[in-house]
Amino acid sequence: MVETREREREKKDYIDLSNLMANILRRPDLLLTVAAVLFSTVPASNSIPFILFHGIGDKCSGGVGNFTQLVSNLSGSPGSCLEIGNGEIDTWFMPLMHQANEACEKVKMMKELSQGYNIVAQSQGNLVARGLIEFCDDAPPVINYVSLGGPHAGIAAIPKCSSGPFCDIAEALMKLEIYNDFVQLVTMQDHIAPSGYVKIPGEMTKYLDHSKYLPKLNNERPDQRNSTFKNRFMSLHNLVLVMFQNDTTLVPKETSWFGYYTDDGFDSLLSTQQTKLYTEDWIGLKALDDVGKVKYVTVSGDHLMIAYNDVVKYVVPYLMA
């Protein structure tokens, strides 16, 4: 009974970023704290604005919107969640390159970002955020970038989905051999967003030949490395990579730090600093790390379940002027 109560108490210390208000309402002390923050007046005239990208199967309204407002008031910086397409469905069915292009055009139209801005991104939203940073021409500069559980080096398993019937369709297609000729024929990568960052260990040749998004984002193809993408990523002032210690969604969870399996298979895992992406510095991650601009953060909790105090410690400081 004591252990049960202890586990329940520990669960209540976390904010589920995909269902923030439901968690807050179950915790009266956090409700009072959040209410005070949400309805307080915080001067933000000299603050750097930020935008937030949510994860797969989510939308800017509801919990994500409340989290954005919470972080905005805690930091004193104006913030907004940038919706791509219709949100929830398009996170699954709009190709990631299209999502990144839409983000690019929206950001360039936001006058408040013209002098520079910060980014907070959740889960798959990180790949849209990085596409914005690397691919977007004539865009305002991104200053600080906070990544919460981002699949930066790819995923080796299908992400969990609980958003209704369209998840069944997406998951059924994802279970096909992702790089085979049939998948190319039906152009799954043009219709199922997560297929753009599935990376099966032991099938690296097929991955590099056929995957459309992640190899470009990570400058993985030797004959197509783009120095502009690298220079744009290297221009960040701070990169905060948050990994969830008990993550059961990202396989492996170390992808949040750009760590991944070896090219041979699932038997061994490379740390960030052991990967070729890092040692050969394909996107400028090592260059940023060498000058102390990369923060590798581990927090307890499952995917996107983050303690309130960790939000204050690892997210808020990088949004303050």
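- Y260 and M243 are assigned to two separate hydrophobic clusters, defined by single-linkage of ILVMFWY side chains at heavy-atom distances under 4.5 Å.
- Annotation: side-chain hydrogen bond (donor to acceptor under 3.5 Å, both in side chains) contacts of S114 (sequence neighbours excluded): none.
- Scanning for ring-ring contact (aromatic ring centres under 6.0 Å, His included) contacts around Y314 gives an empty result, with sequence neighbours left out.
- For Q273, the CD atom sits in a packed shell: over 12 heavy atoms of surrounding residues, nucleotides or ligands are nearer than 6.0 Å.
- One N or O on the side chain of T279 and one on the backbone of T275 form a donor-acceptor pair closer than 3.5 Å.
- Taking the side chain as every heavy atom from C-beta outward, L236 and V142 approach each other to under 4.5 Å.
- Counting only heavy atoms from C-beta outward, the side chains of V146 and N118 never approach each other to under 4.5 Å.
- Between N219 and N226 the shortest heavy-atom distance is OD1-N, 2.9 Å.
- Side-chain contact between L82 and M110 is present, with at least one heavy-atom pair separated by less than 4.5 Å.
- Between the side chain of T255 and the backbone N or O of I155, no donor-acceptor pair lies under 3.5 Å.
- Every residue meeting the side-chain hydrogen bond (donor to acceptor under 3.5 Å, both in side chains) condition with N144, not counting sequence neighbours, appears here in chain and number order: N238.
- Judged purely by atom type and a 3.5 angstrom limit, S211 has no side-chain atom pairing as donor or acceptor with the backbone of L208.
- The side-chain heavy atoms of I143 and I119, taken from C-beta on, include no pair separated by under 4.5 Å.
- The nearest pair of heavy atoms linking K313 to P317 is O-CG, 3.3 Å.
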Item checked: Worked verdict on L285 versus L239 for side-chain contact (heavy atoms from CB on, under 4.5 Å) -> CA-CA 9 Å; L285 180 63; L239 171 63; 3.7 Å; yes

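- Counting only residues at least two apart or in different chains, disulfide bond (SG atoms under 2.5 Å apart) contacts with residues 210-270 are absent.
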Check: What's the verdict on salt bridge (Lys or Arg N to Asp or Glu O under 4.0 Å) for K293 and D289, showing C-alpha distance, side-chain angles and the deciding distance?
Finding: CA-CA 6 Å; K293 293 184 178 181; D289 202 11; over 6 Å; no

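- Here the OG-NE2 distance, from S195 to H210, works out to 13.5 Å after rounding to the nearest 0.5 Å.
- Note that the CG atom of D263 and the CD atom of E203 stand 12.0 Å from one another [nearest 0.5 Å].
- Considering every non-hydrogen atom in both M94 and A193, the closest pair reads O-CB, 3.4 Å.
- If you take CE on M234 and NZ on K230, they are separated by 6.0 Å, rounding to the nearest 0.5 Å.
- E220 is listed as a side-chain neighbour of Y207, based on a closest heavy-atom distance under 4.5 Å.
- Taken from CG in L96 to CG in L127, the straight-line distance is 6.0 Å, to the nearest 0.5 Å.
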Check: Could you walk me through whether L270 and Y261 pass the side-chain contact (heavy atoms from CB on, under 4.5 Å) check?
Finding: CA-CA 6 Å; L270 297 174; Y261 298 107; over 6 Å; no

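- For the pair K253 and F244, the cation-pi criterion (under 6.0 Å, within 45° of the ring axis) is not fulfilled.
- Partners of F258 according to the ring-ring contact (aromatic ring centres under 6.0 Å, His included) rule, which considers only residues two or more places apart in sequence or in another chain, are H152.
- Side-chain contact annotation: Q124 with H54, donor-acceptor N/O pair under 3.5 Å absent.
- Transitive grouping of hydrophobic side chains (ILVMFWY, heavy atoms separated by less than 4.5 Å) keeps Y197 and L269 in distinct clusters.
- Across every non-hydrogen atom of P201 and F266, the tightest pair is CD-CZ, 3.5 Å.
- By the 6.0 Å and 45° rule, K295 does not stack over the aromatic ring of Y318.
- Contact between C81 and V64 at its shortest, heavy atoms only, is SG-CG1, 3.7 Å.
- The NZ atom of K216 lies 9.0 Å from the CD atom of Q224; values are rounded to the nearest 0.5 Å.
- Residues P141 and S235 are not in side-chain contact: their nearest non-hydrogen atoms beyond the backbone lie 4.5 Å or more apart.
- The nearest pair of heavy atoms linking L214 to K199 is CD2-CE, 4.1 Å.
- W257 places no side-chain N or O within 3.5 Å of a backbone atom of V242 that could act as its donor or acceptor partner.
- Between the N73 side chain and the Q69 main chain, a donor and an acceptor come within less than 3.5 Å of each other.
- Both V297 and L52 are part of a single hydrophobic cluster, where members link through side-chain heavy atoms under 4.5 Å apart.
- Between the side chains of N126 and Y145, at least one donor N or O sits under 3.5 Å from an acceptor N or O.
- Atom OG of residue S80 and atom CG of residue L113 lie 6.5 Å apart, to the nearest 0.5 angstrom.
- Outside the 6.0 Å centre-distance limit, the rings of F50 and Y117 are not counted as a close aromatic pair.
- For S77 (side chain) and S72 (main-chain N/O), no donor-acceptor pair under 3.5 Å exists by modelled atom type.
- Between N246 and M305 the shortest side-chain heavy-atom distance does not fall below 4.5 Å.
- Taking the side chain as every heavy atom from C-beta outward, S256 and L250 approach each other to under 4.5 Å.
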Item checked: Criterion side-chain contact (heavy atoms from CB on, under 4.5 Å) on E102 and E83, from CA distance to verdict -> CA-CA 9 Å; E102 183 174 325; E83 193 69 275; over 6 Å; no

Next item on the list: Carefully, step by step, assess D267 and T262 under the rule side-chain contact (heavy atoms from CB on, under 4.5 Å).
Entry: CA-CA 8 Å; D267 292 337; T262 65; over 6 Å; no

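- Of the N and O atoms on the side chains of S123 and H303, at least one donor lies less than 3.5 Å from an acceptor on the other residue.
- Under the 4.5 Å side-chain heavy-atom criterion for Ile, Leu, Val, Met, Phe, Trp and Tyr, V251 and L148 are members of distinct hydrophobic clusters.
- Under the side chain to side chain contact (heavy atoms under 4.5 Å, CB included) criterion, E134 pairs with R130, L217, F229, F233, not counting sequence neighbours.
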